Protein chains: 2
Amino acid sequence: MQTEWLSDEERVAWVRLAAVLELLPGVLDTQLRRDAELTHFEYFLLAMLSEAPDRTLRMTSLAQRTHATLPRLSHVVRRLEDRGLVRRFPCPQDGRATNAQLTDAGWAKVVDTAPGHVTNVRHHVIDALGADQVTQLSEITEAILARIDPDGVVMSPQRGHPSGRR
Amino acid sequence: MQTEWLSDEERVAWVRLAAVLELLPGVLDTQLRRDAELTHFEYFLLAMLSEAPDRTLRMTSLAQRTHATLPRLSHVVRRLEDRGLVRRFPCPQDGRATNAQLTDAGWAKVVDTAPGHVTNVRHHVIDALGADQVTQLSEITEAILARIDPDGVVMSPQRGHPSGRR
DNA sequence: CTCAGTTGGTTGAAGCTACAACTAAGACCT
DNA sequence: AGGTCTTAGTTGTAGCTTCAACCAACTGAG
């Protein structure tokens, strides 16, 4: 069985995507670190909580939405808890589960931070593209996520957790 | 001065791109770690060296091509050197500079590893897209890189350094 | 009821990256 | 020559992620 190499066009697209993968996280982190002492992952986590009912989510659910492993999430939430941005308490319905809830300070942090972050995203990504390219990017990333995101959390965020899950 | 928020379409595109940013590196690292005990960054670094004349590049040049900071590169190259995949020696023309050269073992590693890696990239990214989407992805990432890659190394790799070197 | 298996989450250690500080060599100016 | 500035790279440390191990609580079969 022999390898099917990439064509020139495919190779260029891949190399550029790989470059974006390498550089964009740094761009996001730098702005958020400077303006809010937050990594992009931490900001995104807080943002997910801020949109959840009662600003509360179970760790597993939060892990899915942020595309993180549970150990990683556990460490990050502990640090955010130390900073007073998040509160953690056991889930009444399921003794195994832990709920993470955004505190008022956490909510204020998101509100304060969002404008600068959105401006940054706009400046480095969205405004670099035409309207048609934004649509294309949406479709392309959707197709890629279908391959790399096992549970497809991103693609059907509406599914929510109606009791039974799945 | 007030924030210009993202439209629904823009927000979806951004959230999906952010998800790819979060998930794709793990997909690449996992395969390479398992099959070659290499991170994607290390593989890419070796691949850049393998394509260079005499399989040699100055640290600064290698840093540009891999989108890495010099400290990061220095650490990684030291580890690769310990493993015998790369050799380091002072540049004769410039006493400050260091050259990194791929060893025979390093070359063999790239040759052995490339097929599995390309197959992985194909499976998770390229084959998820139509031919037109590959072109679109190439253009979109080019536009984004123009904003986030200060020196535009990715976009004009032919530029080389004028005078000396080669 | 009970025990095996699964699910949800935490923890500790190892490894990688970022940042800051530092060294050394070349370039420039006079 | 001499002094200053810049460039090239290394090193140490702190912080974050990953991986493996672990524990507690739920579930289901008998």
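Please read these numbers as outputs of a predicted model, since none were measured by experiment. Order of the sequence lines fixes the chain letters, A, B, ..., with proteins taken first and strands second; residue numbering starts at 1 for each chain.
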Over 12 non-hydrogen atoms of neighbours within 6.0 angstrom of CG in A:D127:
yes

Within this structure, what is the CZ-to-P distance between B:R78 and D:dT11, rounded to whole angstrom?
7 Å

Atom-pair distance (CG on B:L70; C1' on C:dT17), nearest Å
14 Å

So does A:E10 pair up with B:R122, basic N to acidic O under 4.0 Å?
yes

Please report the distance, rounded to the nearest Å, between CZ in A:R58 and P in C:dT7.
13 Å

Roughly, in whole Å, what's the span from CD in A:E42 to C1' in D:dT17?
12 Å

Length of the CD-P vector between A:E81 and C:dT11, whole Å
10 Å

Rounding to a whole Å, what distance do you find between A:H67:NE2 and D:dT17:P?
14 Å

Expressed as a whole number of angstroms, how long is the span from A:Q64:CD to C:dT7:P?
13 Å

Which parts of nucleotides 18-26 of chain D does protein reach within less than 4.0 Å, heavy atoms only, written one letter per nucleotide 5' to 3' as B for base, S for sugar-phosphate only and - for none?
BBB----BS

Using atom types as modelled, flag every donor-acceptor pair under 3.5 Å from a side chain in residues 109-117 of chain B to any protein atom, sequence neighbours excluded.
unit_1, atom_1, unit_2, atom_2, d
B:K109, NZ, B:A36, O, 3.0
B:T113, OG1, B:K109, O, 2.6

In whole angstrom, give the distance that lies between atom CG of B:D29 and atom P of C:dT17.
9 Å

Can B:S138 and A:R16 be counted as having a side-chain donor-acceptor contact under 3.5 angstrom?
yes

Shortest non-hydrogen contact from B:L102 toward B:L85
CD1-O, 3.6 Å

Mind checking if B:S74 touches a base, just sugar-phosphate, or nothing, with heavy atoms under 4.0 Å?
base

Atom CD of B:E142 and atom CG of B:D149: how far apart are they, to the nearest 0.5 Å?
11.5 Å

Residues 17-33 of chain A side chain polar contacts: donor-acceptor under 3.5 Å, at least two apart:
unit_1, atom_1, unit_2, atom_2, d
A:E22, OE2, B:R72, NH1, 2.9
A:E22, OE2, B:R72, NH2, 3.3
A:D29, OD1, A:H40, N, 2.8
A:T30, OG1, A:G26, O, 2.7
A:Q31, NE2, A:D35, OD2, 3.0

If you assign each of B:R88 and A:F41 to its closest nucleotide in DNA chain D, which residue comes earlier from the 5' end?
B:R88

Hey, is the side chain of A:R79 poking within less than 4.0 Å of OP1 or OP2 on D:dC16, counting only N and O atoms?
yes

